[in-house]
Amino acid sequence: MIWHRDSNRREMPWKGEKDPYRIWLSEIILQQTRVEQGWGYYERFLKKFPDVRKLARASDQAVLKCWEGLGYYTRCRNLIHTARHLAFDRQGVFPNTYEEILQLKGVGPYTAAAIASFAFDLPHAVVDGNVFRVLARYHGIRTPIDKPEGKKQFTALAQRSLDLSQPGNYNQALMDFGATVCKPQAPACTMCPLRSTCVAYRDKTIETLPVKSPAKSKRIRWFYYLLPTWNGKIPVRQRTGRDVWTGLWEPPLLESAKPLSFKMLRQKMDQVFPAHWPATQKGFEWLTHKQVLSHQTIHGCFVECRLGRRPDWSTDFQWVNHRQLSRLPFPKMILDHWKHSPSNR
DNA sequence: TATGCGTGGTA
DNA sequence: TTACCAAGCAT
C-alpha cells in the first residue's frame, strides 16, 4: 500500500472515479483487454454515451459500431442489455450491493467486486489475472488458476488478504503491482518490496507460477467472402448464432475447413449464391488475409467482381452503398480488407 | 464444467 | 513465426 501511494500508481481515465456507470463501463471494456487498448474506447463511449440513459436509448448498431475492433463482442451485447435494464427497469439507479451487481448480465465475480469496491467502498476482493499471479507467486501456490478449485482457493485467499479499511484502494494497488512489478514475463523482482517474504522468489520458481493448463491447438478455417458490386452496392448481413463475430456484419460467406480451388469455390457459389457470376477467374479480384484469434486461425479470401443484375438471395441481405456500410460494425479482417483493397475507390 | 469468445503487444 | 497473455464471462 505504501508502494502504491509512493508514485507507483498508473494514471488512467477511470481511476478514482465514483460514478458506478463509468466504473461499470470501464470494467466491461477492460475484461481480457489491455489498458492501453481499452483507453480510447472508454473515452469515445463516454463522449457518445455520457450516462446510462443515453446508452440505453442508442440503437444496437450505434453501440456495436463504437465497440468495433475491440473484440469479444458478447461483452457489447451484454452492455446494451444491462444499460436498458438499468435505465428502464431501475430508473437509472445502479445496484449498490455485491450480490445485486453480480446479477447484471456481463458482470461476473471480478467485475462485481471491482464495482462494489471502487464505487461503494464495499469489502470485496477482486481476483483478476494480476491477483492470481501475485498471490500464486507470493505464497508459492501451484493449484492451476483456470480450474474451479484454483478459482475457489485464490478467491478465498484474496478475500482474507483484503484491507477492509480501504478495499477499493487495496484492489487498485494489487492490480497495479501485478501489472508493473510482478509481471507475467520478466518480473522486476529486484525492485520488489515483497521479495524478502516471497515464496516463489526464495524457491526460484517465479517463472513457473501461476500454473495454467496448456492451451489447446487452434482450429483452422477458410472464409470465402463474396464481394459482388451491383449498382454501386454490395450485399451484407448480420452474423447470428453462437459463432465468432456474432452481431457483426459480413458479405456472403462460404466456409471451408480447407483451402478451395477456384473451380470448387465456383461450384459452391453457383449452389449457394446463384448469380450471373463472371465465367472465368479473370473476372474476379482475389485477395487473402489471415487473422489469428485466441482460439482459431481464419484465412479470409475476398473475391470481388461486378454484377450486371442483382441476384435474388435471402432477404437477410441488405444491398448497401459506402455510406451505409460505414455505419455498420464489421470484423477487423473485413475492415482491413476494405482499407487495403485497391478496388475500394 | 470445459469450451469458446477478438484483438494487439511482446519475447 | 509462434506462443503467451491481457482489469473474464456465458453457456
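Below, chain A is the first sequence line, B the second, and so on; all start at residue 1.
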Touch class at under 4.0 angstrom, heavy-atom based, for A:Lys183 against every strand present:
nothing

Check every strand shown and say whether A:Arg219 touches a base, only sugar-phosphate, or nothing at a heavy-atom separation below 4.0 Å.
nothing

Expressed in angstrom and rounded to an integer, what is the separation of A:Glu17 atom CD from C:dA7 atom P?
20 Å

The salt bridge (Lys or Arg N to Asp or Glu O under 4.0 Å) partners of A:Glu207 (sequence neighbours excluded) come to none

For A:Arg327 and A:Lys65, the nearest pair of non-hydrogen atoms, with its separation, is O-CD, 3.6 Å

Please compare A:Lys218 and A:Ala179 by the position of their nearest nucleotide in DNA chain C and report the one closer to 5'.
A:Lys218

Please report the distance separating the P of B:dG8 from the corresponding atom of C:dC9, rounded so that it comes out in whole Å.
22 Å

When you check the side-chain N and O atoms of A:Gln296 and A:Arg221, is any donor under 3.5 Å from an acceptor?
yes

So what does A:Met12 hit on the nucleic acid, given a heavy-atom distance under 4.0 Å: a base, only sugar-phosphate, or nothing?
base

Nearest-Å distance, CD1 (A:Ile145) to C1' (C:dA6)?
12 Å

Whole-Å gap separating C1' (C:dT11) and OH (A:Tyr73)
21 Å

Where along residues 19-33 of chain A does a heavy atom fall under 4.0 Å from DNA chain C?
A:Glu27, A:Leu30, A:Gln31, A:Gln32

C1' atom, C:dC5 versus B:dC5: distance in rounded Å?
15 Å

Rounded to the nearest angstrom, tell me the gap between atom NE2 in A:His295 and atom P in B:dA2.
19 Å

For A:Phe302 and A:His337, take the angle between the two ring planes, folded into 0 to 90°, and tell me which bin it lands in: parallel under 30, tilted 30 to 60, perpendicular over 60.
parallel

Give one of base, sugar-phosphate or nothing for A:Asn171, where a contact means two heavy atoms less than 4.0 Å apart.
nothing

A:Asp146: salt bridge (Lys or Arg N to Asp or Glu O under 4.0 Å) partners, not counting sequence neighbours:
none

Where along residues 104-132 of chain A does a heavy atom fall under 4.0 Å from DNA chain B?
none

For C:dA10, does OP1 or OP2 lie under 4.0 Å from any side-chain N or O of A:Arg242?
no

Between the protein and nucleotides 8-11 of chain B, list the N/O to N/O atom pairs that are separated by less than 3.5 angstrom.
| residue | atom | partner | partner atom | Å |
| --- | --- | --- | --- | --- |
| B:dG8 | N2 | A:Arg34 | NE | 2.9 |
| B:dG8 | N2 | A:Arg34 | NH2 | 2.9 |

Classify the nucleic acid contact of A:Trp14 as base, sugar-phosphate or nothing, counting any heavy atom under 4.0 Å across all strands shown.
base

With A:Trp222 via ring pair (Phe, Tyr, Trp, His ring centres under 6.0 Å) - residues at least two apart:
A:His299

Nearest whole angstrom, please: distance from the P of B:dC5 to the NZ of A:Lys216.
11 Å

